[in-house]
Amino acid sequence: MQSSKRSVKDTVISIRQLVAKEVNRSVAQVLLRWHLQTGWVIIPKSIKPHRIAENFDVHDFELTKAQMERIDSLDRYQRVGPDPDDFDI
């Protein structure tokens, strides 16, 4: 019997894809734009020319308040990288 519950990962992917479709942009562009609108510093990385160009192409659209709130709702208050206060160089 298969569960009808969606996983958190499926929900995150679905929300990101939905917002990307609404603004006719890639998911990566939506996430970069979300970071810009929240005022967070972002350092996108790619070695592929088409993705580098895509990463720069985020200044001619904005996410609505509702779109920002949907993405904000995905936060689980968990770190996905090392804690800078406990990071050994």
Side-chain angles (χ1 to χ4, degrees):
M1 183 169 165
Q2 197 154 2
S3 173
S4 63
K5 290 184 179 181
R6 294 174 57 133
S7 73
V8 171
K9 183 177 179 182
D10 290 339
T11 301
V12 167
I13 291 169
S14 295
I15 289 174
R16 290 175 180 171
Q17 288 173 338
L18 179 62
V19 173
K21 186 175 181 179
E22 289 173 357
V23 295
N24 197 29
R25 299 295 176 133
S26 71
V27 172
Q29 287 174 305
V30 166
L31 294 179
L32 289 171
R33 185 67 215 175
W34 175 80
H35 278 88
L36 289 171
Q37 284 183 230
T38 60
W40 292 8
V41 175
I42 51 173
I43 304 172
K45 177 209 168 276
S46 183
I47 60 170
K48 298 181 180 188
H50 73 280
R51 293 205 184 198
I52 293 169
E54 184 179 86
N55 289 344
F56 278 106
D57 192 21
V58 296
H59 298 284
D60 61 345
F61 75 101
E62 285 193 6
L63 301 174
T64 65
K65 181 179 179 188
Q67 291 166 334
M68 292 289 291
E69 288 172 352
R70 287 198 326 245
I71 296 170
D72 288 341
S73 74
L74 300 174
D75 193 353
R76 299 293 177 251
Y77 304 99
Q78 296 175 338
R79 197 173 275 289
V80 294
D83 186 338
D85 293 331
D86 298 324
F87 190 74
D88 286 332
I89 296 178

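What's counted below: heavy atoms across the whole structure, side chains too, no hydrogens, waters or symmetry copies. The first residue of the sequence shown is numbered 1, and numbering continues consecutively from there. None of these values were measured; they are calculated from a predicted model.
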(message) Working note: I71 + R16, criterion side-chain contact (heavy atoms from CB on, under 4.5 Å); need CA distance, chi angles, decisive distance, verdict.
(response) CA-CA 7 Å; I71 296 170; R16 290 175 180 171; 5.6 Å; no

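- The side chain to side chain contact (heavy atoms under 4.5 Å, CB included) search around D60 returns R25, D57, not counting sequence neighbours.
- Checked by atom type and distance alone, the side chain of Q37 never pairs as donor or acceptor with a backbone atom of M68 at under 3.5 Å.
- From Q67, atom CD reaches atom CG of D72 across 11.5 Å, with rounding to the nearest 0.5 Å.
- Note on residues 51-75: no pairs pass ring pair (Phe, Tyr, Trp, His ring centres under 6.0 Å), not counting sequence neighbours.
- Taking CD1 of I42 as the start and CZ of R33 as the end, the distance is 9.0 Å to the nearest 0.5 Å.
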Using atom types as modelled, flag every donor-acceptor pair under 3.5 Å from a side chain in residues 43-55 to any protein atom, sequence neighbours excluded.
from	atom 1	to	atom 2	distance (Å)
S46	OG	K48	N	3.1
E54	OE1	S26	OG	3.2
N55	ND2	R51	O	3.4

(message) Show, in sequence, the C-alpha distance, side-chain angles and deciding distance for T64 and E22, and conclude whether the side-chain contact (heavy atoms from CB on, under 4.5 Å) test is met.
(response) CA-CA 10 Å; T64 65; E22 289 173 357; 5.9 Å; no

